[in-house]
Structure formats: C-alpha cells, structure tokens
Amino acid sequence: MVGMSRPAGGTGGSAPGRHLIRGSVSLPEAELMWRFSRSSGPGGQHVNTSDSQVELRFDLAATKALPEVWKERALARLEGRLVDGVVSVRSSEHRSQWRNRESAAVRLAALLAEATAPPPKPRKPRRIPRGLNERRLREKKQRSQTKRGRSGRDW
C-alpha cells in the first residue's frame with residue numbers, strides 16, 4: 001500500500017510519529033492500528049485504484065501510554081464510541097493517503113486530549129446581592145400594577 005513505511009507525521013514542531021495528547025504524553029506509534037480502504041470522494045479515476053481512506057484504531061483499554069487516571073476518565077467519557085475498548089477515527093477528506101493519515105492521527109490526539117481533560121471546578125453558589133433582589137421585586141410589582149390597571153372591573 002502507498003506510504004505504509006512512513007511514520008505518521010506530527011504538527012507544530014513535534015518529532016515525526018509523535019502526536020501530543022497533553023503535556024509530554026503522546027500517542028505511541030506502536031499502539032496505533034492503521035487500516036486503508038478506497039475512499040469515495042474527489043479524485044477521478046485515481047480514486048478507484050488507491051486506498052486513500054484511513055481508519056485509525058487505538059486500544060484505549062489496553063494502552064500503557066496513558067496515566068491510569070487519564071485512562072479511566074477517557075474510558076468513561078468515550079464509552080459510547082468504544083468497541084471492546086478500542087476507539088477508531090476515520091479520515092477521507094484528502095486525496096492523498098499520507099494527508100489522511102496525519103488528519104486521523106491529529107483528530108485522535110484531540111479526541112483523547114478532550115476525553116482525558118480534568119473535570120471543571122464545581123460552581124460555588126453565591127448570595128444574590130440585596131440591591132439586585134430589591135430591584136427585581138420593585139419591577140415585578142410595577143408590572144403587576146400595570147396589568148391590574150388593564151382589567152375592566154370598575155365599570
């Protein structure tokens with residue numbers, strides 16, 4: 001297949017074959033499973049003969065590359081996308097297999113970065129300022145009087 005011997009390239013100055021998830025943690029090239037197939041899309045006659053669509057699979061349940069806390073968090077958040085603990089990303093938007101490989105690897109790294117992110121800090125309930133509450137009640141009373149003045153009870 002075309003381009004099988006080339007490792008997936010990185011973006012933003014990272015070494016070839018490294019796609020950073022967060023911090024110094026990156027996708028290990030050895031744990032990535034690639035599958036290539038014919039893509040439906042632009043390309044003319046060339047598309048009928050080349051395997052440019054890329055499916056990238058990563059065994060999230062069995063990986064040792066992620067810290068245990070991140071792995072548990074990602075397994076919980078990506079539960080609906082996983083098939084036997086494996087997450088897969090498909091890319092076919094480019095005509096070249098090489099660009100689809102890079103696109104799929106970047107999308108997988110972004111997906112894992114989002115899934116392993118720490119949960120947001122819980123919101124602390126705050127007291128409503130007195131002036132704000134008094135203004136709300138005053139406006140509510142004015143609105144009530146306006147509506148009461150519209151009724152035709154005094155006839």
Legend entry - Selection residues 80-91 - residue pairs positive for salt bridge (charged side-chain N to carboxylate O under 4.0 Å, His left out), sequence neighbours left out: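 Applying salt bridge (charged side-chain N to carboxylate O under 4.0 Å, His left out) to every pair that reaches into residues 80-91, excluding sequence neighbours, yields Glu55-Arg90.
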
Legend entry - Qualifying salt bridge (charged side-chain N to carboxylate O under 4.0 Å, His left out) pairs, either residue in residues 113-122, two or more places apart: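 Those involving residues 113-122 do not exist here.
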
Side-chain donor/acceptor pairs under 3.5 Å, residues 137-145, sequence neighbours excluded:
residue, atom, partner, partner atom, Å
Ser144, OG, Arg148, NH2, 3.4

Inset, instruction - Determine the minimum heavy-atom distance between Ala74 and Thr116, stating which atoms define it. - result: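 Residues Ala74 and Thr116, closest heavy atoms: CB-CG2, 3.8 Å.
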
Partner residues of [X] under the side-chain contact (heavy atoms from CB on, under 4.5 Å) criterion, sequence neighbours left out:
{"X": "Arg126", "result": "Lys124"}
{"X": "Pro119", "result": "Arg73, Arg77"}
{"X": "Ala110", "result": "none"}
{"X": "Pro120", "result": "none"}

Legend entry - Gap between atom CG of Leu56 and atom CG of Asn100 - 0.5 Å precision: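 That separation rounds to 11.5 Å.
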
Inset, instruction - Rounded to the nearest 0.5 Å, what's the gap from CG on Leu60 to CG on Leu82? Could you check? - result: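 Leu60 atom CG to Leu82 atom CG measures 6.0 Å (nearest 0.5 Å).
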
Which residues share a side chain to side chain donor-acceptor pair (under 3.5 Å) with [X], sequence neighbours left out:
{"X": "Asp59", "value": "none"}
{"X": "Arg107", "value": "none"}
{"X": "Ser103", "value": "Ser91, Glu93"}

Legend entry - ILVMFWY clustering at 4.5 Å (side-chain atoms), partners of Met33: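 Result for Met33 is Val86.
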
Inset, instruction - Give a yes-or-no answer on whether the side chains of Arg136 and Asn133 include a donor-acceptor pair shorter than 3.5 Å. - result: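 There is such a pair (donor and acceptor under 3.5 Å, judged by atom type) between the side chains of Arg136 and Asn133.
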
For residues 63-71, which side-chain donor-acceptor pairs fall under 3.5 Å, sequence neighbours excluded?
residue, atom, partner, partner atom, Å
Thr63, OG1, Glu31, OE1, 2.4
Thr63, OG1, Ala65, N, 3.1
Lys71, NZ, Ala61, O, 3.2
Lys71, NZ, Thr63, O, 3.0

